[in-house]
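Every value quoted in this text rests on a predicted model; they were computed, and no experiment measured them.
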2 protein chains.
Amino acid sequence: MPYTYEYPRPALTVDCVVFGLDDQNALKVLLIQRRIPPFQDQWALPGGFVRMDESLEDAARRELQEETGVKGVFLEQLYTFGDLGRDPRDRVVSVAYYGLVNLTEYPIQAATDARDAAWFPVASPPYLAFDHPQILATALTRLQGKVRYQPIGFELLPAKFTLTQMQKLYETILGQTLDKRNFRKKVLKMGLLTPLAEVQMGVAHRAAKLYQFDLAKYQQLKEKGFNFEL
Amino acid sequence: MPYTYEYPRPALTVDCVVFGLDDQNALKVLLIQRRIPPFQDQWALPGGFVRMDESLEDAARRELQEETGVKGVFLEQLYTFGDLGRDPRDRVVSVAYYGLVNLTEYPIQAATDARDAAWFPVASPPYLAFDHPQILATALTRLQGKVRYQPIGFELLPAKFTLTQMQKLYETILGQTLDKRNFRKKVLKMGLLTPLAEVQMGVAHRAAKLYQFDLAKYQQLKEKGFNFEL
DNA sequence: TCAAAAGTGTTTTATATACACCCATGT
DNA sequence: ACATGGGTGTATATAAAACACTTTTGA
């Protein structure tokens with residue numbers, strides 16, 4: 001087959017599934033309300049067209065910032081959705097990304113240009129435009145799978161966190177309860193958490209010790225064949 | 001941002017990284033020789049443009065068949081490559097797929113229209129066009145990761161295989177030797193292999209028992225939360 | 001009878017699981 | 001003093017790893 005460019009081209013977009021964890025340890029997803037047809041006034045994943053002079057990830061980050069004000073977050077390619085009819089007007093192929101963000105540092109509605117953006121519970125999202133329910137489901141499955149063997153969960157936590165916060169996070173994502181003592185044993189034995197001198201504040205009970213994730217140590221161990229596993 | 005289609009569009013292609021295992025248990029990849037510029041006469045992954053009336057996977061299967069004659073194989077989406085400059089002439093975004101095929105049933109050069117297609121050792125591929133080295137590397141990493149927790153390895157084996165064949169396959173992909181007794185114990189305990197009455201033939205030593213993978217049983221166990229793990 | 005791979009169990013070690021009470025703090 | 005979550009250890013069960021010889025078959 002000749003290598004030429006005379007074919008009609010599908011439109012190419014990116015979509016972002018950004019997850020965050022709220023103070024009640026509920027998993028949330030960042031959505032925008034569409035201002036124009038199709039699916040006008042419906043909620044959708046932030047995203048838009050890929051420009052000719054930017055990479056796919058750049059496009060995803062740009063759209064995310066333009067539409068929600070969120071930037072500088074963990075972002076990874078998820079899957080590319082290209083079935084016919086996923087957009088009612090034209091052939092549109094969308095490269096989906098998923099992102100993780102700690103909501104304590106991204107208060108809802110903090111963004112300047114984001115009056116149409118909001119966080120929704122992943123467990124009960126609103127009606128979503130296009131095939132975005134499917135994209136969301138794919139992202140959730142990916143998150144659940146990946147969180148167990150890669151230390152991406154820390155992206156959802158503040159820089160300094162307690163072991164209970166971390167445990168609750170894993171319980172939320174995996175949808176199961178975990179044994180406190182066993183969880184702590186396992187997590188601490190990996191040696192990826194730096195214990196801080198500081199302590200939790202503003203709680204009506206014994207203050208918990210704070211930890212932070214040691215990324216440098218993780219990368220160092222990873223080179224030696226270490227496997228994160230929870 | 002308005003939802004419109006007036007932007008210039010990147011070209012959209014698919015590329016296929018099809019792996020096979022030869023009789024010496026070497027991992028091979030299916031390549032084609034380019035007949036036109038750029039990279040004329042160089043080897044490349046089979047692939048081509050996505051048409052407006054076909055899904056991404058359909059496009060991958062069509063191109064694979066057109067260029068190599070290979071069809072009906074296991075094929076999964078790998079990653080979408082969209083960096084600037086990956087094609088010297090134009091902005092081209094490529095959705096890569098990886099495939100698995102048992103070479104015993106796909107003898108090299110069997111395809112009608114495939115005079116420019118050939119299998120190469122993954123360990124020592126020829127010079128590859130575009131960013132295809134990177135795509136190949138990504139596919140290999142994916143295969144190595146996925147083969148341990150999903151029973152995709154069977155796609156590389158004939159329908160009826162011996163335990164030694166299966167072990168050698170895993171040793172090849174994972175790049176490490178495995179203990180024969182432990183491997184058999186683990187594999188048989190999963191209960192996914194149906195032992196056949198038949199036996200290996202044409203070997204100059206004791207003939208090994210043949211097994212086949214029980215897909216139905218796997219899917220049934222999977223629903224109950226069973227985890228394939230090797 | 002030789003070569004070549006098939007087939008088979010037990011022991012040791014490491015990891016996962018189950019489980020309950022006292023501690024520190026703020027109200 | 002009470003309510004709330006923080007913090008800790010041991011015993012048991014399960015799984016992983018290490019390891020070597022006999023059997024079958026065709027050449």
Quiz item: How would you label the contact of B:T164 with the nucleic acid (heavy atoms, under 4.0 Å): base, sugar-phosphate, or nothing?
Solution: sugar-phosphate
Between [X] ([atom1]) and [N] ([atom2]), how many Å, whole number?
| X | N | atom1 | atom2 | value |
| --- | --- | --- | --- | --- |
| A:N182 | D:dT10 | CG | P | 14 Å |
| A:Q167 | D:dG6 | CD | C1' | 12 Å |
| A:R181 | C:dC21 | CZ | C1' | 8 Å |
| B:M166 | C:dG7 | CE | P | 14 Å |
| B:K186 | C:dG7 | NZ | P | 20 Å |
| A:L178 | D:dG7 | CG | C1' | 17 Å |
| A:F183 | D:dT8 | CZ | C1' | 16 Å |
| A:K185 | C:dC19 | NZ | P | 13 Å |

Quiz item: Less than 4.5 Å apart, any side-chain heavy atom of A:L193 and any of A:F154?
Solution: yes
Quiz item: Do A:D131 and A:F81 have side chains that get closer than 4.5 Å, going by heavy atoms?
Solution: yes
Self-check item: Ring-ring centroid check A:F120 A:W43, cutoff 6.0 Å
Solution: yes
Exercise. Could you give me the CA-CA distance, side-chain angles and deciding distance for A:Y98 and A:F19, then say whether ring-ring contact (aromatic ring centres under 6.0 Å, His included) is met?
Key: CA-CA 8 Å; A:Y98 74 101; A:F19 294 112; 7.3 Å; no
Quiz item: Taking for each residue the nucleotide of DNA chain D bearing the nearest heavy atom, is the 5' side occupied by B:E229 or by B:D179?
Solution: B:E229
Quiz item: Hey, are A:T164 and A:R184 close enough side-chain-wise for a donor-acceptor pair under 3.5 Å?
Solution: yes
Self-check item: A:S94 and A:D15: side chain donor to acceptor below 3.5 Å
Solution: yes
Quiz prompt | Heavy-atom donor-acceptor pair, A:K189 side-chain to C:dT15 base, under 3.5 Å | solution = no
Quiz prompt | Shortest side-chain distance from B:K180, nucleotide among D:dC19, C:dT8, D:dG6 | solution = C:dT8
Quiz item: Which one, C:dG9, D:dT8, C:dA18, comes nearest to the side chain of A:R184?
Solution: D:dT8
Exercise. Return the residues of residues 194-211 of chain A meeting this criterion: a heavy atom under 4.0 Å from some atom of DNA chain D. Order them by number, or give none.
Key: A:H205, A:R206, A:A207, A:A208, A:K209
Quiz item: What's the spacing between B:I173 CD1 and B:L21 CG if we round to 0.5 Å?
Solution: 7.0 Å
